[in-house]
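From a predicted model like this one, the values you see are computed outputs, not experimental measurements.
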Amino acid sequence: MSRTIFYARVSTNEQTSDHQEQQARQAGFEIDEVVTDHGTSGVTTKLSERPNGKRLFDMLREGDVLVVRWVDRLGRNYQDVTDTIREFMRRGIIIKTVINRMTFDGSTTDPTQQAVRDALIAFMAATAQAQAEATKEAQRAGIAFHKEASPEKFKGRKPSFNRATFEQVVALLNAGQGHSTIAKTTGLQRNAVIRIAKDPSKVEATFTRWEM
């Protein structure tokens with residue numbers, strides 16, 4: 001018995017795929033199972049290398065339907081997306097998109113229909129990569145502009161203590177002293193000591209940005 005699997009990808013662990021699933025169900029898809037990858041990049045991580053993306057290659061069978069919001073959920077790299085879709089089609093799996101209601105079916109035998117289908121796959125995969133590259137370039141340009149306009153903003157908050165105090169805290173932490181004891185010894189707030197203990201390299205980077 002064939003199944004309909006909905007695959008979602010979100011770029012950060014804080015995001016959820018609920019809206020993608022809701023959009024699919026509202027479009028009329030009857031979903032048997034939802035597979036989601038959190039905090040994965042569609043540009044740098046292939047579908048087959050994602051924790052749950054690679055599950056699809058094991059769980060999908062001939063006759064199953066794979067639903068995605070759009071092809072960019074499978075990836076934003078042209079070669080990876082086209083290879084993935086064609087691999088699934090060779091296995092007899094049908095891929096459908098919620099946006100534009102596209103269907104990619106490997107059972108098509110008419111050469112003209114195959115040519116149209118393959119051209120659509122190539123176009124959509126190329127569009128996904130182009131959008132990713134445009135977004136990245138816009139982000140770079142925006143960051144560069146704001147760095148020049150407001151350099152202080154990109155340094156982060158200036159440390160309320162100097163490097164000598166920071167090094168003293170690190171030394172006391174290494175000696176096994178507790179956060180409260182270190183706070184009393186150095187005069188820092190306990191929360192500041194905890195931040196240093198949690199990620200001293202991050203504090204060190206802040207000192208570097210502020211040239212302290």
Side-chain angles (χ1 to χ4, degrees), residues 2-25 27 29 31-144:
S2 62
R3 298 177 301 162
T4 297
I5 308 298
F6 179 74
Y7 175 74
R9 175 184 62 77
V10 290
S11 301
T12 70
N13 288 318
E14 289 73 25
Q15 294 175 321
T16 70
S17 61
D18 294 347
H19 67 289
Q20 294 182 36
E21 180 185 351
Q22 181 183 37
Q23 186 181 21
R25 293 189 186 279
F29 289 101
I31 300 168
D32 296 309
E33 187 172 347
V34 177
V35 177
T36 305
D37 273 309
H38 294 87
T40 56
S41 167
V43 178
T44 59
T45 309
K46 294 181 179 180
L47 180 67
S48 60
E49 296 173 351
R50 301 173 202 164
N52 285 315
K54 57 188 175 185
R55 280 184 57 210
L56 295 175
F57 290 87
D58 297 326
M59 65 190 298
L60 288 169
R61 298 289 183 267
E62 183 176 357
D64 287 346
V65 176
L66 172 63
V67 179
V68 291
R69 185 180 67 86
W70 201 58
V71 296
D72 64 348
R73 297 304 89 188
L74 297 175
R76 288 181 176 271
N77 175 276
Y78 174 83
Q79 194 63 54
D80 179 39
V81 173
T82 53
D83 288 347
T84 295
I85 293 178
R86 287 168 181 158
E87 171 63 21
F88 283 144
M89 288 195 304
R90 281 194 293 269
R91 298 187 184 190
I93 299 160
I94 300 170
I95 299 98
K96 294 186 177 184
T97 67
V98 177
I99 296 176
N100 295 334
R101 302 304 294 266
M102 303 299 297
T103 297
F104 302 110
D105 187 348
S107 65
T108 301
T109 57
D110 180 85
T112 301
Q113 292 180 357
Q114 288 178 336
V116 172
R117 179 202 64 199
D118 292 345
L120 280 171
I121 293 172
F123 173 75
M124 293 176 73
T127 301
Q129 179 170 332
Q131 287 179 336
E133 291 174 350
T135 299
K136 190 173 182 179
E137 180 58 35
Q139 290 172 339
R140 282 198 296 262
I143 290 172

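With contacts defined as side-chain heavy-atom distances shorter than 4.5 Å, the pair Tyr7/Val34 does not qualify. Between Phe6 and Gln20, some side-chain heavy-atom pair lies under the 4.5 Å cut-off. Here the side chains of Leu56 and Ile5 are in contact, with some heavy-atom distance below 4.5 Å. By the 4.5 Å heavy-atom criterion applied to side chains, Gln23 and Arg69 are counted as neighbours. Contact of the Met102 side chain with the Val71 side chain is not registered, since no non-hydrogen atoms from C-beta on lie closer than 4.5 Å. Side-chain contact between Thr84 and Ser48: absent, with no pair of heavy atoms (C-beta onward) separated by less than 4.5 Å.
In terms of heavy atoms, Ile31 sits closest to Ala24 at CD1-CB, 3.9 Å. Between Asp37 and Gly53, the closest heavy-atom pair is OD2-N, 2.7 Å.
Counting only residues at least two apart or on different chains, the salt bridge (Lys or Arg N to Asp or Glu O under 4.0 Å) pairs with a member in residues 52-63 are Glu33-Arg55.
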For a quick test of your reading: what N or O donor-acceptor pairs under 3.5 Å do the side chains of residues 87-95 make, sequence neighbours left out?
{"from": "Glu87", "atom 1": "OE1", "to": "Arg90", "atom 2": "NH2", "distance (Å)": "3.0"}
{"from": "Glu87", "atom 1": "OE2", "to": "Arg91", "atom 2": "NE", "distance (Å)": "2.9"}
{"from": "Glu87", "atom 1": "OE2", "to": "Arg91", "atom 2": "NH2", "distance (Å)": "3.3"}
{"from": "Arg91", "atom 1": "NH1", "to": "Phe57", "atom 2": "O", "distance (Å)": "2.6"}

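Residues satisfying the side chain to side chain contact (heavy atoms under 4.5 Å, CB included) test with Asp83, not counting sequence neighbours, are Gln79. Under the rule for a side chain to side chain contact (heavy atoms under 4.5 Å, CB included), the partners of Ser2 that lie at least two apart in sequence or sit in another chain are Asp64.
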